[in-house]
Structures are given as C-alpha cells and as structure tokens.
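What follows is a set of notes on a single structure, which appears directly below.
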Amino acid sequence: MTKRILITGGAGFLGSHLCERLLSDGHEILCLDNFFTGSKQNVVHLLGHSRFELIRHDITNPIYLEVDEIYNLACPASPIHYQYNPIKTIKTNVMGAINVLGIARRTRAKVLQASTSEVYGDPEVHPQKEDYWGHVNPIGIRSCYDEGKRAAECLMMDYRRQNGVNAKIARIFNTYGPRMAVNDGRVVSNFIIQALEGRDITVYGDGLQTRSFCYCTDLIDGLIRTMDAGDDFFGPVNLGNPGEFTILDLAKTVIGMIGSPSKIVFQSRPADDPTQRKPDISLAQRSLGWSPGIALEDGLIRTIDDFRKRLNI
Ligand code: NAD
Ligand code: UDP
C-alpha cells in the first residue's frame, strides 16, 4: 500500500537516503527541511519524481499536513553544527517533536523519532543497552543536543501514553556514508577529506576513545523496520554497528586505504567527549530481525569514492 510519508530533515545526510529508499519502495514522500545542514543538492536527483515533494520549512514552527507516517530527523547532528546555535538546537528538538506529534495526533499518523546514542552521554555501562538511563551532563556544551533528544524521547512517550499516538524511538549510533556534508566536522568525513587532500589528520585527545560506525543504508533499513514493526513495538531500540574502533584505528585505516601522505596530529579533546560507545543491538536483532551487514572497510570504500567525486580528487 502506498503511504504518504513526511521526513523532517529529509534533505540532510540520513534524510536523503531515507527519501530515496522509501520512494523506491513506492511511497509518496514529503521531504521537509530548513536547509541548515542539509541541502537541495542532496535530493536534487529526486526533484522530478511525481511522488516526491520538497518543502522548505523550519520544524520549530507548526505545519499542517495530511500524512500516514512521520520520520522526525530534523536536527543538526554534528557537534560543530549543533553547538553553533545551541538554543536553536534544543528548540528544534523540543518544539520540533511537539509539532510532529501534533500532526500525528490530528492525522493518526505513526511517528518515528530519530534519537541518538548521545542519550547515554559518557556511558558507564559498556556496551550500551536500551535500559541504561545514561550519564549525561545537563549543563555542558553537548547538552543542547543530548538533553534535547532526551526531551524529545520523553514527549514521544507522553503523547503515546496520554494521547494514544503511535510514537516510536530509534537510538542511532554513529552513522556515516556518501553525502555527509563536506563541512560536517564529524570524524569519518573529516579524516577522509584530510587524507584525500594530504592534510594533517586531526585526532582529538590521545585517540583512544572509541566509536562504532554504521553504514548509512544499514541504518536506514533499521529505521524502516522499526516503523513497520507491529504497534506494540515502539522501542527505544538501538540501531548501530557493534564493531568498536578507537579513533586512532580509524585514522590509520583511512590513511592506509587512501594511500595518503597525511600525518596524524593530536589536538585537544572537546569537553564531555564520550570515552567509549558501542551499541548492544540484541533487541533490534530479536524484535526486528535487523543487524548491519556492511563492514567498516566496505562502507569506507563507498564513502571515500563519494568524497573523491565531490571534491574532484
Ligand atoms: P544532518 O545534519 O545531515 O541532517 C539533519 C537535517 O535536519 C538537515 O537537512 C538540516 O537542514 C535539517 N534541520 C535542522 N534543523 C531543522 C529545523 N529546525 N527544521 C527543519 N529542518 C531542520 O544529520 P544526519 O546525520 O542526517 O542526522 C539526521 C538525524 O539523525 C538527526 O536527528 C540526528 O540527530 C540523528 N542522528 C544521526 C546520527 C549520525 O551518526 N548520522 C547519529 C545519531 C542520531
Ligand atoms: N574526532 C577527532 N577528530 C576529528 C573529529 C572528531 O578525533 O576531526 C573525535 C571526537 O573527539 C570523538 C570522535 O572522533 O571522540 C567522534 O566524533 P564525531 O564528532 O564524529 O561524533 P560524536 O560521536 O562525538 O558525536
């Protein structure tokens, strides 16, 4: 059955892959974005499609649309972008959630909130399971994002309990792939661009902090499975690749794969930077039959290729 699906943040990195996949599954897509970190370029190839519509709108303002499903992705995801205007970041999370939940309540649409591993903060439990409540600094420079996403989760659950809205929560761990913005500032895109341009690779701190990296199409598949699961499955569910790497490992892998002359330089570590992060995905495996299939090196090959083309290197 063809559904009309709203994707907020649809012109961003993940949003554009989600638009592509849901269009190819036969659905009608309303892609809503204010183009803060996303761009029309990310969806330009979809613009002529009869089932695709692009709406320039800021989700902190209400909007009236008739839809069957909503994927709420609107929010800058990279630390440099979400810290650029932190008040706007928390407004996007809180008022954005209220506005999409308003649409959902009125139209009886399902909502999937793109939450984050940042709700676990700098975790004292490893790997992170969904029942861990987290270790988050409520007043630090990452709080606009972490607490904003936590408040959005709270709103999803309260609208569910109080208004019967079918709201679901997916906690996304670090995801990378083609179409990450060149100025994004996250580690995978930074290292690839630095290595391609032969510039120093900027490792923050000693590089022994860890992350788990999921390739974008694996993640999109997990989001769609969460939305499509029965109404009694609403998460929160972790979606990420449990492979765990130090940032130094990642730097060496990227340099080796590109064959770059770049040198690693160590710079100061940002405040509240989590020391370790790795998802426990047993809930997603058990309940959604989902696990990521693309290994880091394979995903990096595709991502490096995309950056080479865009940077003309
Ligand atoms: P992104 O920055 O590329 O995409 C976010 C999109 O939201 C952009 O197109 C941006 O212009 C749009 N946006 C921002 N504020 C908006 C507003 N007020 N109104 C309308 N649109 C707005 O980042 P991404 O990596 O594609 O992340 C997408 C979502 O997934 C975000 O909610 C992010 O928090 C979440 N997430 C991503 C990751 C990851 O590793 N990529 C990890 C955890 C969570
Ligand atoms: N990082 C780094 N060099 C960079 C960018 C990031 O060493 O040029 C580190 C950062 O300090 C963090 C990790 O890489 O420990 C992941 O950072 P990113 O901004 O990609 O995402 P986060 O998981 O912190 O939200």
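Numbers here simply count residues along the sequence, with the first being 1. Since the structure is predicted, the reported quantities are computational estimates derived from the model, not experimental observations. Worth knowing before you read on, the calculation uses all heavy atoms, side chains too, and leaves out hydrogens, waters and symmetry mates.
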Hey, is [X] close enough to [Y] for a salt bridge, meaning N to O under 4.0 Å?
X: Arg150; Y: Glu147; result: yes
X: Glu118; Y: Arg171; result: no
X: Arg142; Y: Asp122; result: no
X: Arg161; Y: Asp158; result: yes
X: Lys309; Y: Asp305; result: yes
X: Arg277; Y: Glu244; result: no
X: Asp273; Y: Arg211; result: yes
X: Arg225; Y: Asp221; result: yes

Treating [X] as the side-chain partner and [Y] as the backbone partner, does any N or O pair qualify as donor plus acceptor under 3.5 Å?
X: His57; Y: Asn61; value: yes
X: Asn93; Y: Thr89; value: yes
X: Arg106; Y: Leu65; value: yes
X: Lys278; Y: Gly243; value: no
X: Gln209; Y: Gly207; value: yes
X: Asp200; Y: Thr202; value: no
X: Asp58; Y: Thr60; value: yes
X: Arg51; Y: His27; value: yes
X: Lys168; Y: Lys110; value: no

[Y] reachable from [X] in the ILVMFWY side-chain graph, under 4.5 Å edges:
X: Ile5; Y: Leu46; result: yes
X: Ile220; Y: Ile70; result: no
X: Leu22; Y: Leu219; result: yes
X: Ile80; Y: Val182; result: no
X: Phe191; Y: Phe173; result: no

Supply the atom-to-atom distance [X] [atom1] to [Y] [atom2], rounded to the nearest 0.5 angstrom.
X: Ser189; Y: Asp184; atom1: OG; atom2: CG; value: 4.5 Å
X: Gln162; Y: Leu155; atom1: CD; atom2: CG; value: 10.5 Å
X: Cys19; Y: Phe52; atom1: SG; atom2: CZ; value: 4.5 Å
X: Gln41; Y: Arg179; atom1: CD; atom2: CZ; value: 10.0 Å
X: Lys129; Y: Ile281; atom1: NZ; atom2: CD1; value: 11.5 Å
X: Asp280; Y: Asp131; atom1: CG; atom2: CG; value: 8.5 Å

For [X] and [Y], which I'm curious about, is there any donor-acceptor pair between the side chains at under 3.5 Å?
X: Asn34; Y: Arg56; result: no
X: Asn72; Y: Thr8; result: yes
X: Tyr120; Y: Asn238; result: yes
X: Asp249; Y: Thr246; result: yes

Does [atom1] in [X] sit with more than 12 non-hydrogen atoms of other residues, nucleotides or ligands closer than 6.0 Å?
X: Tyr84; atom1: OH; answer: no
X: Arg108; atom1: CZ; answer: no
X: Gln285; atom1: CD; answer: yes

With sequence neighbours left out, what residues match Asp68 under salt bridge (charged side-chain N to carboxylate O under 4.0 Å, His left out)?
none
Any heavy-atom pair between the side chains of [Y] and [X] that's under 4.5 Å?
X: Ile103; Y: Tyr64; answer: no
X: Gln267; Y: Val203; answer: no
X: Thr175; Y: Tyr215; answer: no
X: Lys263; Y: Ile201; answer: no
X: Ile63; Y: Asn99; answer: no
X: Phe234; Y: Met157; answer: yes
X: Val94; Y: Lys149; answer: no
X: Glu69; Y: Leu112; answer: no

Heavy-atom pair with the smallest gap, counting every atom of [X] and [Y]:
X: Cys31; Y: Gly10; value: SG-C, 3.3 Å
X: Gly293; Y: Asp218; value: N-OD2, 2.9 Å
X: Thr92; Y: Cys75; value: CG2-CA, 4.0 Å
X: Gly198; Y: Ser260; value: CA-OG, 4.2 Å
X: Pro236; Y: Leu283; value: O-CD2, 3.5 Å
X: Ser287; Y: Phe233; value: CB-CE1, 3.4 Å

Tested for side-chain contact (heavy atoms from CB on, under 4.5 Å) against Ile169, the lone hit among Met156, Arg160, Glu130 is Met156
As a quick check of understanding, evaluate side-chain contact (heavy atoms from CB on, under 4.5 Å) for Ile172 and Leu223, giving each step before the final call.
CA-CA 9 Å; Ile172 304 171; Leu223 289 181; 4.2 Å; yes
Salt bridge (charged side-chain N to carboxylate O under 4.0 Å, His left out): which pairs involve residues 24-37, sequence neighbours left out?
Arg4-Glu28, Arg21-Asp25
Using the side-chain hydrogen bond (donor to acceptor under 3.5 Å, both in side chains) rule, take Thr107 and Glu66 through it: C-alpha gap first, then chi angles, then the decisive distance, then the call.
CA-CA 6 Å; Thr107 63; Glu66 311 303 318; 5.8 Å; no
Please walk me through it: do Glu20 and His45 pass side-chain hydrogen bond (donor to acceptor under 3.5 Å, both in side chains)?
CA-CA 9 Å; Glu20 230 169 43; His45 58 298; 2.6 Å; yes
For His126 and Gln128, run side-chain hydrogen bond (donor to acceptor under 3.5 Å, both in side chains): C-alpha distance rounded to whole Å, both residues' side-chain angles, the deciding distance at 0.1 Å, then the answer.
CA-CA 5 Å; His126 195 73; Gln128 293 78 50; 3.3 Å; yes
Please work out whether the ring planes of Tyr176 and Phe213 are parallel, tilted or perpendicular, with thresholds of 30° and 60°.
perpendicular
